[in-house]
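A quick write-up on the structure given underneath.
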Number of protein chains: 2
Amino acid sequence: MSTSFAEENYLKIIYRLSEGHTDDISTNAVAELTQTKAASVTDMLRKLAEKGWVNYQKYQGVRLSPEGEKIALGIVRKHRLWEVFLVEKMGFNWDEVHEIAEQLEHIESDSLIEKLDEFLEFPKTDPHGDPIPSKNGVMPELGYQHLADIKAGKRCVLMGVAKDSAIFLQLLTKMKLSLGSALYVQEVNAFDRSVSVSIDEAPAVFISHEVAKNILVKLAQ
Amino acid sequence: MSTSFAEENYLKIIYRLSEGHTDDISTNAVAELTQTKAASVTDMLRKLAEKGWVNYQKYQGVRLSPEGEKIALGIVRKHRLWEVFLVEKMGFNWDEVHEIAEQLEHIESDSLIEKLDEFLEFPKTDPHGDPIPSKNGVMPELGYQHLADIKAGKRCVLMGVAKDSAIFLQLLTKMKLSLGSALYVQEVNAFDRSVSVSIDEAPAVFISHEVAKNILVKLAQ
DNA sequence: AAATATTTTTAGATGAAACTAAAAATTATT
DNA sequence: AATAATTTTTAGTTTCATCTAAAAATATTT
Ligand SMILES: [Mn+2]
Ligand SMILES: [Mn+2]
Ligand SMILES: [Mn+2]
Ligand SMILES: [Mn+2]
């Protein structure tokens with residue numbers, strides 16, 4: 001069965017909202033991410049349920065069916081592989097690729113995406129550190145922690161971001177933060193929950209809680 | 001002003017039908033290439049005229065305005081650059097790329113297409129020998145001839161094809177014909193207008209008039 | 001437990017892009 | 001020049017994805 005751009009975008013967003021927990025997703029949550037009204041979401045959820053891609057009961061919220069999750073993972077795979085292409089081969093910065101990948105993720109050609117994967121030498125993660133689902137729909141679990149949850153005195157490495165808006169990524173770049181940055185959490189400041197962090201052995205800088213929440217790290221060793 | 005996929009496809013097809021001659025294009029001709037009904041074409045032509053991209057008078061046919069031609073050339077440029085990418089970088093055969101490029105041509109990002117052009121080292125022609133319009137909307141005139149019009153005894157080189165359907169391209173491949181093939185027109189056979197042609201100095205084979213019409217060549221020296 | 005607030009669904013409408021069937025205009029033929 | 005054939009347009013529908021406004025269901029507060 002074929003999928004429209006709109007359907008693919010809804011499935012992808014329901015997938016995103018489901019990551020981690022297992023409870024049902026609310027109509028309003030979907031409406032916010034799709035940038036549509038709740039009434040439009042209700043219509044689409046009925047249609048997706050009709051096609052067997054979601055389980056949906058009026059007023060009870062929605063979750064992906066196994067079939068729907070497979071489609072969503074396919075879109076996410078394409079999105080992230082194209083992002084790698086845009087950064088690695090076309091020379092874009094990590095804050096410039098998301099919007100273009102939003103378009104490219106809907107290109108329909110299995111052979112293209114497999115050839116792209118090979119051309120990029122089978123990357124495991126995208127330019128934002130997000131894992132790339134395998135061809136057969138398995139999303140690797142990377143198990144990173146949020147910088148905001150790291151205790152003072154710990155060393156860690158920046159492995160990813162939990163948000164890929166251009167404005168956030170540009171701020172990280174300004175702060176000299178990028179994938180692979182070696183971080184030393186000198187102090188957690190109780191007043192505003194900001195963290196004093198030394199980046200690549202440089203003198204420590206303040207990172208706000210809002211930013212630290214969206215930085216994913218792996219503890220050193 | 002933004003363009004929908006449907007509008008872009010119409011403009012591209014009107015452009016294609018206009019190449020060469022200067023007369024107006026008929027509604028039916030457009031309907032055939034867009035794979036829609038004449039009534040649908042009439043609707044769209046009114047809309048395109050409204051936006052200033054075509055000149056259209058009821059019953060008089062249609063032609064592109066300068067603005068419409070610029071848009072069409074932009075789509076053709078993207079289509080052909082993506083085809084080069086698919087063949088040169090992704091390892092597709094020349095008969096496999098057209099359908100994928102039909103999708104990729106609608107990706108909207110000026111910086112992407114300029115970076116792609118650079119990545120491909122500014123190709124002048126696509127995998128079918130078709131010229132790639134410049135960034136500023138100029139289509140190079142290559143001035144090739146049809147193999148069907150070449151006189152017996154002449155040598156020429158295969159430079160392009162006038163049709164990019166997979167079935168035609170696969171036949172050429174089977175006949176060992178590809179871009180750059182050195183052709184010697186041994187004889188034009190009056191009965192069926194087929195041509196006896198030696199390909200790369202091999203013993204001559206028969207090429208039907210139907211095929212010869214769609215092969216573009218440059219006379220040797 | 002009632003009242004109130006919030007969320008979600010229904011009902012009805014809109015704009016795009018297609019369709020079919022019928023009418024009108026143009027072109028070709030006698 | 002009249003008739004017939006063909007092409008093109010109009011009129012009225014359909015499907016998809018959205019919208020607004022109002023109704024219904026659920027959740028929260030008093
Ligand atoms: Mn992204
Ligand atoms: Mn990403
Ligand atoms: Mn197209
Ligand atoms: Mn081509």
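Chain identifiers are assigned alphabetically (A, B, ...) following the order of the sequence lines, protein sequences preceding nucleic acid strands; residue numbering begins at 1 within each chain.
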Given DNA chain D, 5'-ward residue of the pair A/Gln35 and B/Gly61, judged by closest heavy atom: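 Residue closer to the 5' terminus by nearest nucleotide: B/Gly61.
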For DNA chain D, whose closest nucleotide is more 5', that of B/Val41 or that of A/Ala39? B/Val41
A/Arg77 and its salt bridge (charged side-chain N to carboxylate O under 4.0 Å, His left out) partner, picked from A/Glu114, A/Glu83, A/Glu105: A/Glu114
Which part of the nucleic acid, if any, lies within contact of [X], taking any heavy atom under 4.0 Å across all strands shown: a base, the sugar-phosphate backbone alone, or nothing?
| X | result |
| --- | --- |
| A/Thr42 | base |
| A/Thr27 | sugar-phosphate |
| A/Thr36 | sugar-phosphate |

Pair B/Ser26-B/Asn28, side-chain donor/acceptor within less than 3.5 Å: no
Whole-Å gap separating P (D/dG12) and CG (B/Asp43): 14 Å
Starting from C1' on C/dT9, measure out to CD on A/Gln57 and report it in whole angstrom.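 Computing the A/Gln57:CD to C/dT9:C1' distance gives 14 Å.
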Listed in order of residue number, which residues of residues 3-25 of chain A have a non-hydrogen atom at under 4.0 Å from DNA chain C?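 Correct list: empty, so none.
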Which residue pairs pass the ring-ring contact (aromatic ring centres under 6.0 Å, His included) test with at least one member in residues 47-79 of chain A, sequence neighbours excluded? A/His79-A/His98
N-O pairing of A/Lys213 and A/Glu210 below 4.0 Å: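 Salt bridge between A/Lys213 and A/Glu210, a charged N being under 4.0 Å from a carboxylate O: yes.
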Can a side chain N or O of A/Arg46 be found less than 4.0 Å away from OP1 or OP2 on C/dT9?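 Checking C/dT9 against A/Arg46, no side-chain N or O comes under 4.0 Å of OP1 or OP2.
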Short N/O separations, protein against nucleotides 23-27 of chain C, under 3.5 angstrom:
unit_1, atom_1, unit_2, atom_2, d
C/dA25, O4', B/Tyr59, OH, 3.3

